[in-house]
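Down below is the structure, laid out as structure tokens.
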Amino acid sequence: EPIYCGMCITDPTNNNSEGRVPSGTTQKVVKLSLERKCECCGSAASFSQNRPTGTEANEAGRLLPPLIETSNDYDSVRDLIHEIKLARHKSTQDIFRKHSFVGVVHKDFSAIQFSTKLLLINHSHFLENLFYQLAIRKFGEMGTLQFGNSLPLAPLIQSALRTMEIERDEAWDEANVVSDIITLLVEKAQMLEEYFRIVIDNGGNLHGIPNLLEGYTPLPSMISKFIILLATETNWSDERLCFESIARQVAKLYCALPTEAGKLTDEAANTLRLKLYPAMRAYLIPSHAVGSNKIIQVASLEELYKTFERC
């Protein structure tokens, strides 16, 4: 009986699967081996059987739901989604789908094995891309991470202003800056909540942020900077640029991982391995090839064989 991985069943960007995976195929979660691979892409990763079509298992054994793209038909949103898919680099997507995680080597880089190659991946870059893509592809239809207690914007903004490098001239007035930012975000609150689940009330309190990935919560310490950048780095005058720039600020909030003495904490490294790499396997549409400074080949078995043959 042929078997198929969830990605090949559901992902319309996977050209190899077109016409090869029978419609309605459903499978239960089992561990594939070298002897039992996906009929379509050859992956030996976990796949789903007797589960809803398209579910993927992360390394902790929990199922990742299939990504259901937004039904929103704004031309600007459809253009942004098309742009993401048009930039897809298929061989790099294969790497993310079929890799084995090796370990974290730097706060921004981790090592993975793909086939006979050892690669360094700039996970910070690809995580930012992942969360930007999720914010756009789930536009207006993601869940909300509701706070137990609302967060007043004024102290958040004041805290960020004190830590960020911002040009201040003689006319600088922090109270006016804080007031202007709150006024702007309250004015845009309806749109922010409807499309990005950023929930701000008329009194200038933050009640929630988008839930882009089940089981993963961004760093609370990044929220104050997020509020500042949301207000100041968003292009509010052009619809397409507005949606894109908001999504990019959400992505920056989400991709930040906790560090200690310049290294990822143990908890962050586990989160990267157990939640974020599986999410990239399931959802990321990458656009960079091996050889760029985002994916660096460290070694390959073939090259090692050649070296040994010369010895």
Side-chain angles (χ1 to χ4, degrees), residues 5-8 11 13-17 31-38 40-47 56-60 64 83-134 251-252 254-257 259 262-266 268-311:
C5 69
M7 290 301 295
C8 286
D11 187 358
T13 66
N14 182 5
N15 294 328
N16 283 343
S17 67
K31 194 73 174 177
L32 294 183
S33 65
L34 293 177
E35 291 74 32
R36 300 192 70 198
K37 297 181 180 180
C38 170
C40 176
C41 71
S43 173
S46 297
F47 76 105
E56 283 282 325
N58 64 19
E59 292 188 29
L64 293 175
E83 186 178 85
I84 289 169
K85 294 181 177 180
L86 192 64
R88 180 179 75 106
H89 197 284
K90 184 184 180 306
S91 63
T92 304
Q93 191 164 43
D94 288 341
I95 289 172
F96 278 98
R97 285 183 176 175
K98 305 171 190 177
H99 76 273
S100 296
F101 184 84
V102 176
V104 176
V105 299
H106 181 271
K107 67 181 182 67
D108 294 318
F109 282 88
S110 45
I112 66 170
Q113 180 185 344
F114 170 67
S115 184
T116 59
K117 297 176 174 61
L118 181 65
L119 304 171
L120 282 183
I121 302 293
N122 186 327
H123 55 248
S124 296
H125 168 81
F126 286 108
L127 285 174
E128 187 170 339
N129 278 349
L130 168 70
F131 289 120
Y132 165 73
Q133 292 174 12
L134 290 177
K252 289 178 181 178
Y254 258 85
C255 73
L257 294 172
T259 59
K263 299 179 181 179
L264 289 187
T265 64
D266 290 343
N270 282 331
T271 297
L272 188 64
R273 176 174 65 90
L274 296 175
K275 293 181 180 178
L276 298 180
Y277 262 98
M280 288 192 284
R281 182 198 301 274
Y283 305 134
L284 178 65
I285 302 176
S287 59
H288 285 81
V290 175
S292 69
N293 61 356
K294 311 303 180 187
I295 306 178
I296 303 167
Q297 181 173 310
V298 178
S300 74
L301 197 57
E302 293 85 354
E303 293 301 319
L304 289 175
Y305 282 150
K306 291 178 183 178
T307 301
F308 289 140
E309 287 172 357
R310 291 196 295 268
C311 294

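These numbers come from a predicted model, not from an experiment.
- Not a single donor-acceptor pair under 3.5 Å links the side chain of His123 to the backbone N or O of Ala111.
- The two residues Ser110 and Phe101 come nearest to each other via the heavy atoms CB-CE1, 4.1 Å.
- Judged as a side chain to side chain donor-acceptor pair (under 3.5 Å), and not counting sequence neighbours, the contacts of Glu83 are Arg240.
- Residues passing the ring-ring contact (aromatic ring centres under 6.0 Å, His included) test with Phe126 are Phe96, sequence neighbours excluded.
- Rounded to the nearest 0.5 Å, atoms CD1 (Ile95) and NZ (Lys98) are 10.0 Å apart.
- In summary, of the residues considered (Asn293, Ile295, Ile112, Val105), a side chain to side chain contact (heavy atoms under 4.5 Å, CB included) with Leu120 occurs for Val105 alone.
- Checked options Arg88, His89, Lys90; the residue passing with Thr92 is His89 (criterion: side chain to side chain donor-acceptor pair (under 3.5 Å)).
- Residues passing the side chain to side chain contact (heavy atoms under 4.5 Å, CB included) test with Ala256, sequence neighbours excluded: Leu219, Met222.
- Residues passing the side chain to side chain donor-acceptor pair (under 3.5 Å) test with Thr271, sequence neighbours excluded: none.
- Rounded to the nearest 0.5 Å, atoms SG (Cys255) and CG (Leu127) are 6.5 Å apart.
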Q | Residue pair Tyr254, Leu134: steps toward the side-chain contact (heavy atoms from CB on, under 4.5 Å) verdict | A | CA-CA 11 Å; Tyr254 258 85; Leu134 290 177; over 6 Å; no
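- Partners of Ala268 by side chain to side chain contact (heavy atoms under 4.5 Å, CB included), not counting sequence neighbours, listed by chain and number: Leu257, Pro258, Leu264, Thr265.
- Of all the heavy atoms in Ala87 and Ser287, the pair that sits closest is O-CB, 3.2 Å.
- Shown here are the ring-ring contact (aromatic ring centres under 6.0 Å, His included) partners of Phe114, two or more places apart in sequence or in another chain: there are none.
- In this structure, the side chain to side chain contact (heavy atoms under 4.5 Å, CB included) partners of Gln133, at least two apart in sequence or on a different chain, are Ile84, Asn129, Arg137, Leu284, Ile285.
- Nearest heavy atom pair, residue Leu272 against residue Pro278, reads O-CD, 4.2 Å.
- Here the straight-line distance linking atom NZ of Lys263 with atom NZ of Lys107 works out to 13.0 Å at 0.5 Å rounding.
- Residues satisfying the side chain to side chain donor-acceptor pair (under 3.5 Å) criterion with Asn270, sequence neighbours excluded, are absent altogether.
- Between Gln113 and Ser115, the closest heavy-atom pair is NE2-O, 3.1 Å.
- Between atom NE2 of residue His106 and atom OG1 of residue Thr259 there is a gap of 10.5 Å, rounded to the nearest 0.5 Å.
- Separating the CD1 atom in Ile121 from the NZ atom in Lys294 is a distance of 12.0 Å, to the nearest 0.5 Å.
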